[in-house]
Amino acid sequence: MKYYPLTAKVEECILDAEYKAGREIGAVTLGETCLFFKVKRKVSYVPYADITRAFRRVQLVGMKMCCGEGNLEVENLVICGAEDKELAMIQLPGARAGVIMLEELEKKVPGIQIGKP
């Protein structure tokens, strides 16, 4: 499998072992030193050392149904790097996955800021 770095590169043999042994939550896999996420067939990664902030972003998507209109909430995890530059916005399966993901990132990344400034 080919891995695409968003910041610093890591050796491919280390990435393979981490990705296979990591904890998977939706499209995100939490490895020992990197956060991986999959979009279609592409697996990107960010080393935890390069992550400075993480927060949830909920987007409302308007939808029409047979009996009326409503909004569908789409849960996303936003990862920021140096100078609070957004590195990735990753779609999650639900609100519960977003809360669990932020708790796990708080444990794995020392000094991370959780929440939007």
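As a basis for the values below, the full set of heavy atoms in this structure was taken, side chains included, without hydrogen atoms, waters or symmetry mates.
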Review point. Is it true that Leu102 and Ile100 fall in one hydrophobic cluster, defined by side-chain heavy atoms closer than 4.5 Å?
Key: yes

Check your understanding: Do Ile90 and Leu6 sit in the same hydrophobic cluster, where Ile, Leu, Val, Met, Phe, Trp and Tyr count as joined when their side-chain heavy atoms come under 4.5 Å apart?
Key -> yes

Check your understanding: Ile79, Phe36: one ILVMFWY side-chain cluster at the under-4.5 Å cut-off?
Key -> no

Point to revise | Short side-chain to backbone donor-acceptor contact, Glu18 and Thr33, under 3.5 Å | key: yes

Check your understanding: Can you tell me if Tyr3 uses its side chain to pair, donor with acceptor, with the backbone of Tyr19 under 3.5 Å?
Key -> no

Review point. Taking all atoms of both residues into account, what is the closest heavy-atom pair of Asn71 and Gly62, and its distance?
Key: OD1-CA, 3.6 Å

Review point. Can you tell me how far CZ of Arg56 sits from CG of Asn76, rounded to the nearest 0.5 angstrom?
Key: 10.5 Å

Exercise for review: Measure the CE-CG distance between Met101 and Leu30 for me, rounded to the nearest 0.5 Å.
Suggested key: 5.0 Å

Check your understanding: How far does CG of Leu72 sit from CE of Met63, to the nearest 0.5 angstrom?
Key -> 5.5 Å

Review point. In terms of hydrophobic clusters joined by side-chain contacts under 4.5 Å, are Tyr48 and Leu15 together?
Key: no

Point to revise | Considering all heavy atoms, the nearest Cys80-Glu86 contact | key: SG-CG, 4.0 Å

**Study point:** Transitive ILVMFWY side-chain link Met89 to Leu92, under 4.5 Å
**Key:** no

Practice item. Let me see the working for Leu105 and Leu35 under side chain to side chain contact (heavy atoms under 4.5 Å, CB included), right down to the final yes or no. Key: CA-CA 9 Å; Leu105 282 174; Leu35 178 135; 3.6 Å; yes

Check your understanding: About how many Å separate CE of Met1 and NZ of Lys20, when rounded to the nearest 0.5 Å?
Key -> 7.5 Å

Revision key, fill the gap. In short, Glu106 meets Ile112 closest at the heavy-atom pair CA-CG2, 4.0 Å

Check your understanding: At what distance, to the nearest 0.5 angstrom, does NZ of Lys38 lie from OG1 of Thr29?
Key -> 8.5 Å

Point to revise | From Gln59 atom CD to Glu75 atom CD, the distance as rounded to the nearest 0.5 Å | key: 10.0 Å

**Study point:** Smallest separation among heavy atoms of Cys34 and Pro47, with atom names
**Key:** SG-CA, 3.9 Å

Point to revise | Contact check, side chains of Glu83 and Thr52, non-hydrogen atoms, under 4.5 Å | key: no

